[in-house]
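Let me begin by presenting the structure, written as structure tokens, before commenting on it.
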Amino acid sequence: MPIDMNEVRVWRLGRITRVFAGLLLGVMTIVAVAVFAYQASTPDGDLRPALAIAVPYGLLGFLVWRQIFHPRLSVDAEGLILRGPWRTTRVPWPAVVRCDPGYFGIAITCADGSWVMAPAPQKSNLSRWLGRGTRADDVADYLERRAREHRREAKQPAYRVGDDLAEDR
């Protein structure tokens with residue numbers, strides 16, 4: 001089946017992971033608000049202990065949000081865009097040689113031997129041990145097919161990756 005080379009696709013972490021992370025963030029928020037309200041209603045009204053609890057909870061909540069809801073893998077006509085929790089990396093199609101799904105995401109091997117990690121989607125260790133196919137396997141296969149199609153259309157050998165592989169946005 002031919003691949004539309006202008007198609008734009010986006011993958012994130014799994015829906016169940018995002019739902020559980022959202023529930024965790026909701027529970028953390030309720031606990032922080034309850035502690036803050038309880039401390040505010042005490043006779044002394046000192047809010048320093050409540051803030052001492054709320055600030056770490058807020059920081060932890062931000063880190064959970066950033067790790068779970070921010071990462072994604074996007075593909076477009078020019079290549080892959082790997083958006084991690086803290087950095088965005090662009091990989092052109094001619095540089096993509098191999099894609100291996102794993103626990104931390106999809107490892108993308110480039111033509112010069114270097115590799116980058118796409119944080120989403122991920123493959124669980126259990127599915128790896130049982131030999132089950134997952135969404136990460138399907139995405140890795142799609143990326144490899146699209147890279148081959150791109151090289152075939154361009155009629156050029158694999159791209160030698162230079163300094164333009166990783167660019168922060």
Side-chain angles (χ1 to χ4, degrees), residues 1-29 59-169:
M1 183 167 132
I3 296 175
D4 180 11
M5 297 305 285
N6 293 321
E7 180 182 26
V8 175
R9 295 187 68 180
V10 178
W11 293 275
R12 296 174 175 225
L13 293 178
R15 183 174 294 139
I16 292 174
T17 303
R18 293 192 317 254
V19 166
F20 281 126
L23 290 173
L24 175 67
L25 288 173
V27 168
M28 287 173 49
T29 302
L59 180 62
L60 183 62
F62 172 75
L63 293 175
V64 167
W65 168 78
R66 196 74 179 170
Q67 285 292 115
I68 301 296
F69 295 103
H70 195 71
R72 69 185 52 150
L73 166 63
S74 306
V75 296
D76 58 19
E78 287 83 36
L80 290 82
I81 301 169
L82 315 172
R83 190 170 115 183
W86 310 110
R87 186 176 99 157
T88 298
T89 305
R90 181 143 187 78
V91 181
W93 282 118
V96 177
V97 174
R98 184 176 171 166
C99 300
D100 297 310
Y103 182 74
F104 294 107
I106 298 177
I108 299 167
T109 306
C110 298
D112 65 352
S114 65
W115 60 275
V116 292
M117 185 67 72
Q122 300 170 332
K123 182 173 182 165
S124 70
N125 285 337
L126 181 61
S127 62
R128 182 180 295 270
W129 297 331
L130 296 177
R132 289 185 177 165
T134 62
R135 184 171 68 116
D137 293 313
D138 297 339
V139 172
D141 292 340
Y142 173 81
L143 295 176
E144 286 182 352
R145 278 195 338 265
R146 190 152 172 188
R148 279 194 304 273
E149 285 287 326
H150 188 279
R151 279 195 297 274
R152 186 176 317 144
E153 279 187 4
K155 294 183 176 110
Q156 57 182 246
Y159 180 77
R160 176 93 175 143
V161 177
D163 293 335
D164 62 335
L165 173 65
E167 61 183 47
D168 291 335
R169 290 189 175 195

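Numbers here simply count residues along the sequence, with the first being 1. Predicted, not measured: the structure shown is a model, and the values here were computed from it. Heavy atoms only: backbone and side chains are in, while hydrogens, waters and symmetry mates are out.
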Distance (rounded to the nearest 0.5 Å) between [X] [atom1] and [Y] [atom2]:
X      : Y      : atom1 : atom2 : value
Ile68  : Thr17  : CD1   : OG1   : 6.5 Å
Met28  : Trp65  : CE    : CH2   : 14.0 Å
Leu143 : Trp93  : CG    : CH2   : 5.0 Å
Lys123 : Arg135 : NZ    : CZ    : 13.5 Å
Ile106 : Leu73  : CD1   : CG    : 6.0 Å

Inspect the surroundings of [atom1] in [X] and state if more than 12 heavy atoms from other residues, nucleotides or ligands are less than 6.0 Å away.
X      : atom1 : value
Phe62  : CZ    : yes
Arg132 : CZ    : no
Ile16  : CD1   : no

State, yes or no, whether a side-chain contact exists between [X] and [Y] at a heavy-atom distance under 4.5 Å.
X      : Y      : result
Trp11  : Arg9   : yes
Ile108 : Leu82  : yes
Val8   : Val75  : no
Val139 : Asp137 : no

Non-hydrogen atoms of [X] and [Y] that approach each other most closely:
X      : Y     : answer
Arg72  : Val10 : CD-CG1, 3.9 Å
Cys110 : Val97 : C-CG2, 3.6 Å
Ala111 : Pro94 : CB-O, 4.5 Å

Short question: side chain of [X], backbone of [Y] - any donor-acceptor pair under 3.5 Å?
X      : Y      : value
Asp141 : Asp138 : no
Thr29  : Leu25  : yes
Arg83  : His70  : yes
Arg66  : Pro85  : yes

Worked check of salt bridge (charged side-chain N to carboxylate O under 4.0 Å, His left out) between Asp100 and Arg98: CA-CA 7 Å; Asp100 297 310; Arg98 184 176 171 166; 2.9 Å; yes
Stepwise side chain to side chain contact (heavy atoms under 4.5 Å, CB included) test for Arg90 and Asp76: CA-CA 11 Å; Arg90 181 143 187 78; Asp76 58 19; 3.1 Å; yes
Over-ring placement of Arg18 relative to Phe69, 6.0 Å and 45° cut-offs: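 No, a cation-pi geometry is absent between Arg18 and Phe69.
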Step-by-step salt bridge (charged side-chain N to carboxylate O under 4.0 Å, His left out) determination, Arg146 to Glu149: CA-CA 5 Å; Arg146 190 152 172 188; Glu149 285 287 326; over 6 Å; no
